[in-house]
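Please read the structure below before turning to the comments.
Letters A, B, ... mirror the listed sequences (proteins, then strands); counts begin at 1. Hydrogens, waters and symmetry mates play no part in the numbers below; they use all other heavy atoms, side chains included.
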Amino acid sequence: MPDEPPIVIHDTASGELRELMAGDDGSVGIYACGPTVYNRIHIGNARPFVVFSWLKRFLDARGLTPTLVVNVTDVNDKIYAAAAQQGIPSTELAEAMTAHYIADTDALGLGRPDHEPLATETIDGIISLIAALIERGAAYAVDGDVYFRVRADDRYGSLSHRDVEQMSQGEDDDLVGTGRKDDPLDFALWKAQKDGEDTAWDAPWGRGRPGWHIECSAMAEELLGVGFQIHGGGSDLVFPHHENEAAQTRCARGAELAQIWMHNGMLEMRSAGGASEKMAKSVGNVTLLPDAIAEHGRDALLLFFATGHYRQPLVYARETVAAAAARLARIAELGRSLADGPSPEALRPHRDAFFAALASDFNTAQALEALAAWVREARALDGPGRDDLVAMLSIFGLENVLEAGAEPEAADLELLTAREAARAAKDWAEADRLRGALAERGWQVRDGADGAELVPLR
RNA sequence: GGCGCCGUGGCGGAGUGGCUACGCAGCGGCCUGCAAAGCCGUCUACACCGGUUCGAUUCCGGUCGGCGCCUCCA
């Protein structure tokens, strides 16, 4: 397709829009941080999964060949703690929660990422990356632990725009006084096995397990190489997680891990007082993804995600998702009345605007505006082909809403026929009664110029 | 306190130096036996105070308010 606008994405590191530079073969590597599997995921966790799955679909549609990697962190302090509380082995908990995560995200119907590496299956890569850091003097081992020397990286802080001089690393700060860490800023790459920890691997500096940040550097590099196009995740990961990832790879490989750092905004919950706050396990205001899907359906939930720009916070509330459902129902209604086939040139500008909006920092809200315009004008035409509509909805994984619903049964059609007879006889009371009977069976009657039809009640 | 982001019509939520975003909801009308859907119209906003400008919701400065990160967190 000629004259396609360049794809630009907001880069957290530079704070600017940057053009996506695909490989010569059109390849685009995308790494998005996935869940730590210690309990089930909530809708907030689903946002990056959705956004980056959509981004992949969009790049596909643009003729590029994206590779999406979403990792699973399956060894971690939180997992140990949760497993201990339940009195089960940590591996058992991690495996169970990973299975839940797969099932819950499967229910979004967006397919799977190309790779979903487990931290525990990347131990070799993690160890060699740590070894490279030690070799270069950017890390040091102490009694079985290994720490990253933050001050070895003169660009540390450049991603999150923080001044090294006024940072504290938080994690393991209590170790500073013991002299284990050379500097309070240093963070763990490898943690020696402690009592009660039931998973550990042998490493040159002792038996233990990897720190959180190093896992991602290793998994990303292993599957996408260094210097891939997009590294993504929630904005709450910018510091310290992504800052540390960037520093590790920079110091070990002498190159940047990713070209563009792309962060989605938080999903917020409206509290009783009317204010909004981030949905987080630690805040205790979560709605689990499977519960949200059960309540609204995955179609409505997906369109809801598309109504806001990915970088902005989005307020999850019953009413706003319901509004998305109503919007989608009307798009679907029009779409179902159209047949497959090329869409007319007259509607082309709207389709182009849809894709142009996505090319411009993946602005799904603006894309929806173009989709709305397409639908509005399509209604005025005489049964235009719906290929464009399918192409647009496919980006969001919503082309399924165009499929015909369940067919009315014979009993339903009998009621409809009876109603038509009542109408012909001008027996309005009986006609209304029959319409009520059909409503109870899940059908809404629509009286059109070509006679009455049944559509599923929404 | 530091860093980043944001304050848009009843609600959600884009965007722009001058031209109605869009959606949902409401209201009036057309259509309809009544509805539904659709169509037309309507309510038509950009926190506040300064500044730049012929002109600012859009740029700059300040005030107030909100959110995120700075501790595990998508």
Pairwise C1' distance, B/G65 and B/C49 [rounded to whole Å]: 15 Å
Does A/G44 reach a base, just sugar-phosphate, or nothing at all? Heavy atoms under 4.0 Å. base
Looking at A/R162, does any N or O in its side chain come under 4.0 Å of the phosphate oxygens OP1/OP2 on B/G4? no
Using side-chain heavy atoms (C-beta onward) and a distance below 4.5 Å, is A/L314 in contact with A/F305? yes
Side-chain contact test, heavy atoms from C-beta onward, threshold under 4.5 Å: evaluate it for A/D388 versus A/W374 and give yes or no. yes
Between B/U52 and B/G28, how far apart are the C1' atoms? Round to whole Å, please. 44 Å
Between B/U16 and B/C11 - P atom distance, rounded Å: 23 Å
Can you tell me the distance, in whole Å, between the CD atom of A/E16 and the P atom of B/G4? 14 Å
Would you say the side chains of A/Q248 and A/R250 form a donor-acceptor pair under 3.5 Å? no
Student check: side-chain heavy atoms of A/E409 and A/D412 closer than 4.5 Å: yes
Provide, to the nearest angstrom, the distance between the CD1 atom belonging to A/I331 and the P atom belonging to B/G38. 11 Å
Using a cut-off of under 3.5 Å, enumerate the N/O to N/O pairs linking the protein to nucleotides 28-33 of chain B.
| unit_1 | atom_1 | unit_2 | atom_2 | d |
| --- | --- | --- | --- | --- |
| B/G33 | O6 | A/R419 | NH2 | 3.3 |
| B/G33 | N1 | A/D432 | OD1 | 3.1 |
| B/G33 | N2 | A/D432 | OD1 | 3.4 |
| B/G33 | N2 | A/D432 | OD2 | 3.0 |

Compare side-chain N and O positions of A/R330 against OP1 and OP2 of B/A37 and report whether any pair is under 4.0 Å apart. yes
Pick the P atom in B/C39 and in B/C22, then give their distance to the nearest Å. 13 Å
Quick one: label A/H42 by what it contacts on the DNA or RNA (base, sugar-phosphate, nothing), any heavy atom closer than 4.0 Å. base
Please determine, for the side chain of A/M266, which listed nucleotide (B/C39, B/G68, B/C6) has the closest atom? B/G68
Across all chains, not counting sequence neighbours, the ring pair (Phe, Tyr, Trp, His ring centres under 6.0 Å) partners of A/H42 are none
Would you indicate what A/K426 reaches in the nucleic acid, counting non-hydrogen atoms under 4.0 angstrom: base, sugar-phosphate, or nothing? nothing
With pairs taken as Watson-Crick or G-U wobble and both distances under 3.5 angstrom, which stems of at least three consecutive pairs involve RNA chain B? B:1-7 with B:64-70, B:10-12 with B:22-24, B:26-30 with B:38-42, B:47-51 with B:59-63
Phosphate OP1/OP2 of B/G15 contacted by A/N363 side-chain N/O (<4.0 Å): yes
Numerically ordered, the residues 90-109 of chain A set in heavy-atom contact under 4.0 Å with RNA chain B is none
Tell me the interatomic distance from A/L334, atom CG, to B/A36, atom P, rounded to whole angstroms. 19 Å
Just how far, in rounded Å, is C1' of B/C11 from CZ of A/R318? 16 Å
So if I take every side-chain heavy atom of A/K78 and compare against B/C72, B/A74, B/C3, which nucleotide ends up nearest? B/C72
Distance from A/H241 atom NE2 to A/C216 atom SG, nearest 0.5 Å? 3.5 Å
In whole Å, what separates the C1' atom of B/G13 from that of B/A21? 10 Å
Closest to side chain of A/T36, choosing from B/A14, B/A37, B/A74: B/A74
Looking at A/F239, is A/R162 sitting on its ring face, NZ or CZ under 6.0 Å from the six-membered ring centre and within 45 degrees of the normal? yes
A/V50, A/L398, A/T105 screened by side chain to side chain contact (heavy atoms under 4.5 Å, CB included) with A/L110, the one that passes: A/V50
Residue mapping more 5' on RNA chain B - nearest nucleotide basis, A/C33 or A/E369: A/E369
If I take atom CZ in residue A/R47 and atom P in nucleotide B/G68, what distance separates them, rounded to the nearest angstrom? 14 Å
Using a cut-off of 6.0 Å, state whether more than 12 heavy atoms not belonging to A/E453 lie near its atom CD. yes
Nearest heavy-atom neighbours spanning A/G34 and A/V70: CA-CG1, 3.7 Å
Pick base, sugar-phosphate or nothing for A/Q366, based on heavy-atom distances below 4.0 Å to the nucleic acid. sugar-phosphate
Please report, rounded to the nearest Å, how far the P atom of B/C5 is from the NE2 atom of A/H10. 7 Å
Length of the line joining A/R311:CZ and B/G7:P, which is rounded to integer Å: 12 Å
State, yes or no, whether a side-chain contact exists between A/N71 and A/Y31 at a heavy-atom distance under 4.5 Å. yes
Between protein and nucleotides 42-47 of chain B, map the contacts as a letter string: B base, S sugar-phosphate only, - none, heavy atoms under 4.0 Å, written 5' to 3'. ------
Considering only heavy atoms from C-beta outward, does the side chain of A/I9 approach that of A/Q229 to under 4.5 Å? no
Could you pull out every donor-acceptor pair under 3.5 Å between side chains of residues 422-430 of chain A and any protein atom, sequence neighbours left out?
| unit_1 | atom_1 | unit_2 | atom_2 | d |
| --- | --- | --- | --- | --- |
| A/R423 | NH1 | A/D447 | OD1 | 3.3 |
| A/D427 | OD1 | A/E430 | N | 3.2 |
| A/E430 | OE1 | A/R433 | NE | 3.0 |
| A/E430 | OE2 | A/R433 | NH2 | 3.1 |

For A/T249 and A/E256, which I'm curious about, is there any donor-acceptor pair between the side chains at under 3.5 Å? no
Please measure how far the C1' atom in B/C3 lies from the corresponding atom in B/G12, and state the result in whole Å. 29 Å
Name the nucleic acid region contacted by A/L267, choosing base, sugar-phosphate or nothing; use a 4.0 angstrom heavy-atom cut-off, strictly under. base
C1' gap between B/A45 and B/G10, integer Å: 12 Å
Check every strand shown and say whether A/V445 touches a base, only sugar-phosphate, or nothing at a heavy-atom separation below 4.0 Å. base
Between B/U58 and B/G7 - P atom distance, rounded Å: 11 Å
Could you tell me if A/E245 and A/S217 have a donor-acceptor pair between their side chains, going purely by distance under 3.5 Å? no
Kindly give the heavy-atom pair with the smallest separation between A/Y316 and A/A292, and that separation in Å. OH-CB, 3.5 Å
Taking the side chain of A/P48 as its heavy atoms from C-beta onward, which of B/G13, B/A74, B/C3 lies nearest to it? B/A74
Which sits closer to the 5' end of RNA chain B, A/L368 or A/G15, going by the nucleotide each is nearest to? A/G15
Which of A/N264, A/D361, A/T364 passes side chain to side chain donor-acceptor pair (under 3.5 Å) with A/Y310? It is A/D361
Nearest whole angstrom, please: distance from the P of B/A74 to the CZ of A/R40. 16 Å
